[in-house]
Amino acid sequence: MSAPSIPNLLSLRGQRGGLRGRGRGRGGGSAISNDAVILNTDNDAAVSRLSAVDLGYLDDSFARYFVRASDGPPPRRLPIINRGTYTRTIAIDSIVDAFLTSEIDPHSNTRQVISLGAGTDTRALRLFSQPRNYNLIYHEIDFEQTSSAKFRTVQGVPALAKILTDLARDDSSSWSSSPAPGNEYHCHGFDLRGLSDATSKIVPGLRTDVPTLLISECCLCYMGHAEASQILSFFTSRIPTIGTVIYEPIRPHDAFGKVMTSNLAARHISMPTLQQYPEPEDQRQRLKTAGFKTAKAMTIEDIWDKWVASEEKERLDRVEGLDEVEEWKLLAAHYIVAWGSTWEGTGLWQTNVGAYAS
């Protein structure tokens with residue numbers, strides 16, 4: 001495939017906001033200007049999600065509330081972008097489900113999820129709207145502007161306020177909810193790059209004694225290596241039983257990867273992890289170095305091939321035909337999902353996460 005036919009990969013920003021990372025750009029300009037660029041991508045991410053939902057790829061009744069109606073009818077994304085959004089979403093969802101339902105601590109049925117750079121992500125809403133037999137503590141961390149905007153959306157939409165009940169403002173940008181007895185939701189508005197021992201008090205409600213999953217969907221990739229490692233260490237040093245799942249682009253050095261980085265640079269956005277962890281094995285080693293005893297990684301292409309059942313693939317073909325098969329394979333081979341944990345065992349979390357995607 002020739003370079004001009006490669007789509008702008010910014011359109012693959014996914015369920016929780018894809019290019020909503022938290023890093024200083026290295027290609028010139030101040031951190032503030034780069035932050036503004038990243039903040040402005042959140043609406044594009046919500047549109048990509050809604051495109052996949054409206055066409056029938058995904059079932060998400062909350063997606064439409066996070067697309068600005070003032071912008072007019074949301075555009076329909078390319079088929080390979082819709083398929084990418086679908087595959088990344090079911091991959092992260094299956095890993096989250098495996099974490100929530102596997103027996104990690106026989107003495108506790110409480111689980112904690114921390115989503116970094118959550119943006120307009122609807123995962124917390126979807127989880128709290130479902131019946132379950134465990135207690136859930138859910139944290140989202142993002143810029144102050146994003147956290148405040150999400151509060152206004154939830155407060156102004158009855159269908160959302162019905163789920164995230166008893167809204168309480170912790171300060172001007174952070175807020176919380178008590179969705180149901182035994183459950184908690186916290187939305188923290190602050191810059192992750194300032195997370196340190198001195199600022200740990202700005203994460204109210206954080207538990208260190210329950211199994212925890214840390215989610216980074218194209219978030220840590222916008223930080224420098226030292227900053228990203230410090231954030232992982234902030235949580236792993238405090239929470240003994242912790243897992244993580246990371247979704248990021250990879251392989252910047254081949255022809256497709258060069259166009260990918262060029263598209264990013266055109267938007268004044270850089271991804272330091274593309275250079276630091278360019279291959280799947282680099283991502284696995286990254287987790288090992290961070291202290292996770294188990295570490296796995298799969299490209300979006302492999303997840304589509306191995307985790308999505310043949311019947312589901314047939315359904316999606318009926319939803320929307322895909323003629324650009326070669327383009328899809330290239331695109332999907334340049335994104336990866338890596339996950340790991342500090343606990344060991346032979347449960348579904350380690351051996352058969354993909355079963356949850358079937």
Side-chain angles (χ1 to χ4, degrees), residues 16-17 20 22 62 92 96-97 99-101 104-105 107-130 132-155 160-217 219-220 230-245 341-343:
R16 56 142 295 283
R20 298 201 61 271
R22 303 293 165 261
F62 309 112
I92 302 296
V96 171
D97 288 346
F99 163 75
L100 293 175
T101 58
I104 300 169
D105 182 355
H107 304 292
S108 174
N109 70 342
T110 299
R111 295 289 186 269
Q112 180 172 245
V113 175
I114 305 170
S115 180
L116 306 179
T120 57
D121 182 24
T122 62
R123 184 168 285 112
L125 288 159
R126 289 187 285 120
L127 287 173
F128 283 123
S129 67
Q130 300 169 359
R132 58 191 177 280
N133 58 3
Y134 54 84
N135 296 327
L136 178 60
I137 304 168
Y138 204 105
H139 298 265
E140 296 185 332
I141 304 175
D142 213 312
F143 286 129
E144 293 181 2
Q145 302 98 305
T146 304
S147 175
S148 297
K150 198 162 195 175
F151 177 83
R152 292 191 296 270
T153 300
V154 172
Q155 188 180 45
L160 306 182
K162 183 180 179 180
I163 296 170
L164 296 182
T165 58
D166 300 325
L167 297 180
R169 294 296 289 264
D170 299 325
D171 54 41
S172 60
S173 59
S174 299
W175 52 285
S176 60
S177 165
S178 301
N183 298 294
E184 302 174 25
Y185 170 82
H186 302 272
C187 189
H188 310 283
F190 64 87
D191 191 332
L192 278 167
R193 292 168 299 196
L195 200 60
S196 66
D197 290 341
T199 59
S200 59
K201 64 180 182 297
I202 62 178
V203 192
L206 182 68
R207 293 276 297 272
T208 61
D209 61 334
V210 297
T212 297
L213 181 66
L214 189 68
I215 302 175
S216 170
E217 297 183 63
C219 177
L220 295 177
Q230 177 180 320
I231 289 170
L232 283 176
S233 178
F234 177 89
F235 293 103
T236 58
S237 64
R238 288 167 170 76
I239 306 172
T241 307
I242 187 169
T244 190
V245 54
S341 63
T342 59
W343 63 86

Side chain proximity check, T212 to T241, heavy atoms < 4.5 angstrom: no
Heavy-atom closest pair, residues L160 and F62: CD2-CD2, 3.5 Å
Minimum heavy-atom distance L192-C219, with the two atoms named: CD1-SG, 3.8 Å
Close side-chain approach of W175 and Q155, heavy atoms under 4.5 Å: no
CG-CD distance between L136 and E184, expressed to the nearest 0.5 angstrom: 9.5 Å
L100 side chain near L127 side chain, heavy-atom distance below 4.5 Å: yes
Considering all heavy atoms, the nearest R111-D105 contact: NH2-N, 4.3 Å
Heavy-atom pair of closest approach, residues D121 and S115: OD2-OG, 4.1 Å
Any side-chain heavy-atom pair of V113 and I215 under 4.5 Å: yes
Smallest separation among heavy atoms of T146 and G119, with atom names: CG2-CA, 3.7 Å
Residue pair Q112 / Y138, side-chain donor-acceptor N/O under 3.5 Å: no
Ring-face cation contact, F234 with R238, 6.0 Å cut, 45° max: yes
Approximate separation, where rounding is to 0.5 Å, of I231 CD1 and T236 OG1: 11.5 Å
I114 and L206, any side-chain heavy atoms less than 4.5 Å apart: yes
For H139, the option from H188, H186, R207 that meets side-chain hydrogen bond (donor to acceptor under 3.5 Å, both in side chains): H188
Validation row: T244, S216 side chains within 4.5 angstrom (heavy atoms): no
Flag, side chain of T342 to backbone of P240, donor-acceptor distance under 3.5 Å: yes
Any residue meeting side chain to side chain donor-acceptor pair (under 3.5 Å) with N135, in chain and number order, not counting sequence neighbours: none
Donor-acceptor under 3.5 Å (S341 side chain, W343 main chain): yes
Atom pair CG (N109) and CD1 (I104), whose distance is rounded to the nearest 0.5 Å: 12.0 Å
Flag side-chain contact, heavy atom, 4.5 Å: L195 against V203: yes
Side chain S148, main chain Q145, donor-acceptor under 3.5 Å: no
Spacing of CG belonging to L232 relative to OG belonging to S237, to within rounding of 0.5 Å: 10.5 Å
Heavy-atom donor-acceptor pair, S178 side chain to D166 backbone, under 3.5 Å: no
Ring-face cation of R169 near F151 (centre distance under 6.0 Å, axis angle within 45°): yes
Side-chain heavy-atom pair S173, F143 within 4.5 angstrom cut-off: no
Least distance between heavy atoms, S147 atom then C187 atom: OG-SG, 3.4 Å
Mutual orientation of the aromatic rings belonging to F128 and Y185 [parallel < 30°, tilted 30-60°, perpendicular > 60°]: perpendicular
Modelled atom types, side-chain donor and acceptor of R132 and N183, under 3.5 Å: yes
